[in-house]
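Accompanying notes for the structure given below.
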Amino acid sequence: MKRALIIGGGGFAGGYLIRELASAGYEVHATCLPEEEICGDCAVYSLDIGDVPAIEGLLARVMPDVVFHLAAQSSVAVSWKKPALTAQVNVVGAVNVLEAVRLSQRPDTRLLLIGSGEEYGFIPKDACPLSEEEKLRPGNIYAATKVCQEMIGQIYSRSYGMDIVMTRSFNHTGSGQSPTFVVSEICRQIAAAEQPGAPAELLIGNTDAKRDFTDVRDVVRAYRLLAEKGVSGRVYNVGRGSAAAISEILETALSMSQVQIAVIRDPKRLRASDIPIIEPDVSLIFADTGWSAQISIEETVRDTLEWWREKLRRG
């Protein structure tokens, strides 16, 4: 039985990855921050990735075959407000994990570093779909930190012969995601508007931006397959392979609403810099692992909306 360690298991994707790995027969170990909780078939540890001795001690205790590094400040909006925190978590935290694995009793451990499709940034109009060879032009603080993480990961892979696989994961969403992310926020507002006596309105920012939205359940399946079949040293796009405008997501969600809702444009929800379209070429991950997205956007929106309805009913 393979032993997996998920660093950052208390985050949105972490819980789904725990279930994916456990169902595939892994012995799963996962970390979270003291204020977080993890529910699932795994051993749980409290860990701050700023604490290097704690990371080293955990690796010595668990001796994992594969480490999934999910811990991150993953909100673009938050990165504009807290750039120093974003750099500390996403860059320094990643270096701490890389060093701990390198110096561990099992330096042959496979390490999956999770990056972002945001790394491509300000892309030429004719560049989509984006291959992994496309030049990176990060357009926000979060994206810049993820580019830095990837570059450092490549250096560790080449210089120390470490078994590292890297991703550029595009927008993933689903039930339980924070409303700081657009699909979840749209569904939250619709579920709130359906409550008795609530204003039937929805505030939204830029709806023209096009993004590749993939269900988180598909994404964590990609992570498992990359851990099993990915080529060491490679970077892989993880996404559906087709972009949808925020307006399309909004229209899909509104079609599932139980009440008529007025859509109100809110300038406060506009980002300091918003890239018009980001869409990946996912042929490499398909070629190396056989993975492709299976869950439709409609199903993802429906499940997310129902999750918010249930959450608001419980209060």
Side-chain angles (χ1 to χ4, degrees), residues 12 74-81 86 115-131 134-144 146-147 168-174 177-193 199-216 218-219 237-257 260-282 293 295-302 304-305 308:
F12 169 57
S74 56
S75 168
V76 172
V78 171
S79 77
W80 287 113
K81 299 173 183 176
T86 303
S116 171
E118 289 278 349
E119 294 175 47
Y120 290 105
F122 293 107
I123 58 178
K125 290 183 179 180
D126 60 350
C128 287
L130 301 159
S131 81
E134 180 67 33
K135 182 179 178 180
L136 303 180
R137 306 172 179 87
N140 57 66
I141 305 299
Y142 166 71
K146 284 300 185 178
V147 171
R168 294 178 192 147
S169 302
F170 288 71
N171 297 61
H172 44 288
T173 190
Q177 189 174 34
S178 164
T180 57
F181 297 89
V182 65
V183 176
S184 187
E185 172 60 2
I186 287 171
C187 292
R188 183 198 68 80
Q189 290 194 62
I190 290 174
E201 60 184 34
L202 184 150
L203 303 179
I204 194 77
N206 178 22
T207 60
D208 295 329
K210 293 183 177 181
R211 296 291 183 269
D212 182 292
F213 292 97
T214 307
D215 193 287
V216 65
D218 275 331
V219 170
N237 288 334
V238 176
R240 184 177 300 280
S242 60
I246 306 298
S247 59
E248 297 174 52
I249 303 295
L250 178 60
E251 183 179 345
T252 297
L254 288 172
S255 72
M256 300 175 186
S257 175
Q260 286 292 113
I261 296 177
V263 175
I264 301 171
R265 306 294 170 180
D266 183 5
K268 294 179 181 179
R269 294 172 183 261
L270 296 174
R271 291 179 180 175
S273 176
D274 217 348
I275 298 154
I277 180 170
I278 305 177
E279 181 179 80
D281 177 345
V282 291
I295 301 171
S296 69
I297 292 176
E298 290 76 16
E299 182 178 349
T300 302
V301 170
R302 185 179 300 108
T304 305
L305 180 55
W308 275 110

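These values consider heavy atoms only, across backbone and side chains, with no hydrogens, waters or symmetry-generated copies.
Counting only N and O atoms by type, the side chains of Thr214 and Asp212 include a donor and acceptor under 3.5 Å apart.
Summarising the geometry, atom CZ belonging to Arg211 is positioned 13.0 Å from atom CD belonging to Glu248; distances are rounded to the nearest 0.5 Å. Interatomic distance, Asp215 CG to Ile295 CD1, rounded to the nearest 0.5 Å: 4.0 Å. Taken from CZ in Phe213 to CG in Asp218, the straight-line distance is 15.0 Å, to the nearest 0.5 Å. One distance of note links CG of Leu202 with CD1 of Ile186; it measures 6.5 Å at 0.5 Å rounding. To the nearest 0.5 angstrom, Ser116 atom OG is 7.0 Å from Asn171 atom CG. For the atom pair OG of Ser75 and CZ of Phe181, the computed distance is 5.0 Å after rounding to the nearest 0.5 Å.
Using a 4.5 Å cut-off on side-chain heavy atoms (C-beta onward), Arg137 and Pro124 make contact. When side chains are defined from C-beta on, Asp208 does not count as touching Pro276, because their heavy atoms never get closer than 4.5 Å. Side-chain contact check for Ile297 versus Arg240: some heavy-atom pair is nearer than 4.5 Å. Side-chain contact between Leu136 and Arg168: present, with at least one pair of heavy atoms (C-beta onward) separated by less than 4.5 Å. Taking 4.5 Å as the limit, some side-chain heavy atom of Val216 sits within range of a side-chain heavy atom of Phe12. Side-chain atoms of Arg302 and Met256, non-hydrogen and from C-beta on, do get closer than 4.5 Å to each other. For the pair Val182 and Ile249, the minimum side-chain heavy-atom distance is 4.5 Å or more. Counting only heavy atoms from C-beta outward, the side chains of Lys210 and Ile278 never approach each other to under 4.5 Å.
Nearest heavy atoms, Ala193 versus Ala200: CB-CA, 4.0 Å. In terms of heavy atoms, Cys187 sits closest to Leu305 at O-CD1, 3.4 Å. Annotation for Pro138 and Val147: closest pair CG-CG2, 4.1 Å, computed over non-hydrogen atoms. Closest approach of Asn237 and Asp281 over heavy atoms only: ND2-O, 3.0 Å. The minimum heavy-atom distance between Val282 and Gly239, with the atom names listed, is CG1-O, 3.3 Å.
Tyr120 places a side-chain N or O within donor-acceptor distance of the main-chain N or O of Ser131, the cut-off being under 3.5 Å. No donor-acceptor distance shorter than 3.5 angstrom exists from the side chain of Glu134 to the backbone of Pro129, with no hydrogens or angles considered. Using modelled atom types, no side-chain atom of Trp308 and backbone atom of Ala192 make a donor-acceptor pair closer than 3.5 Å. Looking only at distances, a side-chain donor or acceptor of Ser184 sits under 3.5 Å from a matching main-chain atom of Gln177. Distance alone, capped at 3.5 Å, is enough to place a donor-acceptor pair between the Glu279 side chain and the Ala243 backbone. A donor-acceptor pair is defined here as one N or O able to donate and one able to accept, closer than 3.5 Å; no such pair exists between the side chain of Glu201 and the backbone of Ile264. Judged by distance alone, the side chain of Ser257 and the main-chain N or O of Leu254 form no donor-acceptor pair under 3.5 Å.
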Given Ile246 and Asn206, is the side-chain contact (heavy atoms from CB on, under 4.5 Å) satisfied, shown in steps? CA-CA 8 Å; Ile246 306 298; Asn206 178 22; over 6 Å; no

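Applying the 6.0 Å contact sphere to CD of Glu299 captures more than 12 heavy atoms from other residues, nucleotides or ligands.
Between Arg188 and Glu185 there is a salt bridge, since at least one side-chain N of the basic residue sits less than 4.0 Å from a carboxylate O of the acidic one.
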